[in-house]
**Student:** 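Please read through the structure below; I'll follow up with questions.
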Protein chains: 2
Amino acid sequence: MKPARKAKPTIRDVAAAAGVSVGTASRAFNRAGRVSDAAIEAVQAAALRLGYAPDAIAQSMRTRTSGVVGLLVSDLANPLYARIVNAVEARLQRDGYALLLANTHNDSRHERAMIDFFRRRRVDGLILGPCESERPEMLDALLAQDLPVVALDRDFGPAGSGVHVDHFHGALQATRYLLNLGHTRIALMTPGQTLRPGRERIAGFTDAFAERGLKPEPKLIRAERSAMEFAFSEALALLSSAEPPTAFVCLGTRILAGVLQGLRHAGRSVPDDVSVISVGDTDLSQLFSPAITSLTWDFEAVGTAAAELMLKRLPPAAAGQAVEPERIVMTTQMVLRESCGPQTASRPAKAPSARARQVAKK
Amino acid sequence: MKPARKAKPTIRDVAAAAGVSVGTASRAFNRAGRVSDAAIEAVQAAALRLGYAPDAIAQSMRTRTSGVVGLLVSDLANPLYARIVNAVEARLQRDGYALLLANTHNDSRHERAMIDFFRRRRVDGLILGPCESERPEMLDALLAQDLPVVALDRDFGPAGSGVHVDHFHGALQATRYLLNLGHTRIALMTPGQTLRPGRERIAGFTDAFAERGLKPEPKLIRAERSAMEFAFSEALALLSSAEPPTAFVCLGTRILAGVLQGLRHAGRSVPDDVSVISVGDTDLSQLFSPAITSLTWDFEAVGTAAAELMLKRLPPAAAGQAVEPERIVMTTQMVLRESCGPQTASRPAKAPSARARQVAKK
DNA sequence: ATGAAAGCGCTAACAA
DNA sequence: TTGTTAGCGCTTTCAT
């Protein structure tokens, strides 16, 4: 049996049922212009009776706004990004905006394609997560077309709006902490040095050393990719080198797990052999033994702030007016736990035990 | 300085530039009907020159399809859901569909509102994640309007299509394993018994007991909410009861962390005092000491399958034809690790040590 | 194979 | 205050 599909009622149907013209019906819904209370009542009654809901596509066609914001993120499977996306969606939803979501897989060609795709769909604004390519020209092109853009942890030059995490001071603080504990052979692992977060972290890391007239060992800065498998093998390589690090700063969501696994394989214990600092206070950092000292920030706040930055330059808040670029900086904080210990002479970093070597081999 | 904003070219502009009519230009793009190669070439050249891209909104207006699929999920911040969403998006993107995403916060009123919202935006299809309310009437209403619906782990009656995880056999297997180890006081923690996953798990759990002529202790089945804070306090309450469980089956993403924390507070060790099984093989389960035995399944496959089920009933695959309902069942597998041990008489479950009591108190 | 024109559902001018 | 009408950009008959 095939149920008869009754066509969705249009505003014409409602107008007819209410005994008014389509213009009046439209005005009744939008409260625009002057409409009599009687008309409003009649129209709304008719709409209710017919189960009418305005067609967003047709509205977009006329008004040239879609009520949709596009969000481009490099990897939604990253739980930390997911929390940000979640917050963005919640805030946008509250103001009646919908969220069009796409993954760029951290590929700038792909990102470009998705931006075009979104623009064809007439998104009212674009929120861009961090990505390898940070080309200000791209932003100019977007802005020139009156498309509000908000960046997440990405530099777009002075014309760009966005919310940024203060990775510089975060890395600075974490590194100082380790330096104070006597460590000097500190490994820094962070995704992509071409991304803003990576650059900032490396800068903060280096500055902390510079404060004491030191320079970090370049070989200990690992800033290529963020996959856990990568972190694992990198950590292992680092640990079996001639002068292995005595501390790890793991500034990427999946990195901690890889490093911890590497440490386990190499038979090193935390914090006795090696100190560890992680990022983004997760279940793992809280429950691992020892609990991991973490550098973190408020992910929900990042998402909410990004959404609000966007909302501010969308109707009705921005009544067609261009809004000044604005950046919000989120600070990080360190959660001190048990994974860092002093680097003492009695713990020679150079000589992993025979047992450690054996475990590492298999 | 304000850059002159040049209006986006329309198909009229392209047609004019190519010296053809709009109809021909349209046909040239869509390869529909008969068009001369010369015309196609001229039109495409003009389009390229002008930087023309068809307006998706206007296309939707005419064709009555939007190229957008809506996805409703109860909690995107759940990392496991995020992985599913990621896979859905990737598969949809490959076929040129966009993803409109919204969070329902597991509230059925909210879900209803978002469905309406999506329908107003003329989504071509709807993918619905698990939610408290599983009302087949709702599905009927949707289907009657020719809106393809695919469910994720949610029962919609025989008319519904979807992908389902075999939580029943998963729970059965996990419980059998614990039963074989000699445990009988096994706590089951899973989100919502009104949700399909919760119901199935409870059924599998109960059946495993029934196989040996046993019945689970009802008080040890905790199926209310899934928040970690909840799991923590529930675990604590369970552990300090007169007859505490000797094993925990934690079937929710955030539950493991809460239970582990509860165990730590109560001073119990895993697996000596208490055995633990978790769900969805995470970093935490792999790296916790001892590593946690886990019940898991392929989350990416769930998302991909859902997307493909949807694609199958969307153009061009389904040329306006209704497609038979179809369900896909994903099997679970157990990853055996170190968190489960035998329940022996020498480990009395009833008497937590004085130290454990003290720790639990503070 | 191509052009002209209708019209998707709605809003916004303009008239009345 | 209300009705009428002209499009928004596109696809799709229907002639030619």
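Please read all numbers here as calculations on a predicted model, not as lab measurements. Numbered from 1 within each chain, the chains take letters A, B, ... in sequence-line order.
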**Student:** In this structure, how many angstroms lie between the P atom of dA13(C) and the CG atom of N30(A), rounded?
**Tutor:** 13 Å
**Student:** OP1 or OP2 of dT11(D) sitting under 4.0 Å from any side-chain N/O of Q59(B)?
**Tutor:** yes
**Student:** Is a donor-acceptor contact shorter than 3.5 angstrom present between the side chain of R62(B) and the base of dT11(D)?
**Tutor:** yes
**Student:** Any salt bridge between D55(A) and R120(B), counting N to O under 4.0 Å?
**Tutor:** no
**Student:** What is the distance, to the nearest angstrom, from the CZ atom on R31(A) to the C1' atom on dT1(D)?
**Tutor:** 16 Å
**Student:** Indicate whether OP1 or OP2 belonging to dT2(D) is found under 4.0 Å from a side-chain N or O atom of S36(A).
**Tutor:** yes
**Student:** R34(A) CZ to dA15(C) C1': how many Å, rounded?
**Tutor:** 13 Å
**Student:** So, OP1 or OP2 of dG9(D): does either fall under 4.0 Å of a side-chain N or O from T10(B)?
**Tutor:** no
**Student:** Give the rounded distance in Å between these two atoms: CD1 of I11(B) and C1' of dT2(C).
**Tutor:** 14 Å
**Student:** Between A38(A) and R12(A), which is nearer to the 5' end of DNA chain D once each is assigned its nearest nucleotide?
**Tutor:** A38(A)
**Student:** Just checking, is any N or O donor in the side chain of R122(A) or T65(A) under 3.5 Å from an acceptor N or O on the other one?
**Tutor:** no
**Student:** Calculate the interatomic distance between D55(B) atom CG and dG7(D) atom C1'; express it in whole Å.
**Tutor:** 14 Å
**Student:** Between S21(B) and dG3(C), is there a side-chain N or O to OP1/OP2 distance below 4.0 Å?
**Tutor:** yes
**Student:** Mark yes or no for whether R313(A), through its side chain, and E324(A), through its backbone, hold a donor-acceptor pair below 3.5 Å.
**Tutor:** yes
**Student:** Picking from dC8(D), dC10(D), dC10(C), which would you name as closest to the side chain of P54(B)?
**Tutor:** dC10(D)
**Student:** Can you tell me whether the side chain of R27(B) and the base of dG3(C) have a donor-acceptor pair closer than 3.5 Å?
**Tutor:** yes
**Student:** Just compare dT11(C), dC10(C), dC10(D) and give me whichever is closest to any side-chain atom of Y52(B).
**Tutor:** dC10(D)
**Student:** Is any side-chain N or O of T24(B) closer than 4.0 Å to OP1 or OP2 of dT2(C)?
**Tutor:** no
**Student:** Using whole Å, what does the distance between atom P of nucleotide dT1(D) and atom CG of D37(A) come to?
**Tutor:** 9 Å
**Student:** If you go through the side-chain atoms of R122(A), does one of them form a donor-acceptor pair with the base of dG9(D) closer than 3.5 Å?
**Tutor:** no
**Student:** Between atom CZ in F29(B) and atom P in dG9(D), what is the gap in whole Å?
**Tutor:** 15 Å
**Student:** Apply side chain to side chain contact (heavy atoms under 4.5 Å, CB included) to the pair S74(A) and Y81(A), showing each step before the final yes or no.
**Tutor:** CA-CA 9 Å; S74(A) 61; Y81(A) 285 176; 3.2 Å; yes
**Student:** Nearest whole angstrom, please: distance from the P of dG9(C) to the CD1 of I57(A).
**Tutor:** 12 Å
**Student:** Of all the choices, dG9(C), dT2(C), dT1(D), which nucleotide is nearest to the side chain of A39(B) once you look at every atom?
**Tutor:** dT2(C)
**Student:** Does either side chain, that of Q93(A) or that of H110(B), offer a donor lying less than 3.5 Å from an acceptor on the other one?
**Tutor:** yes
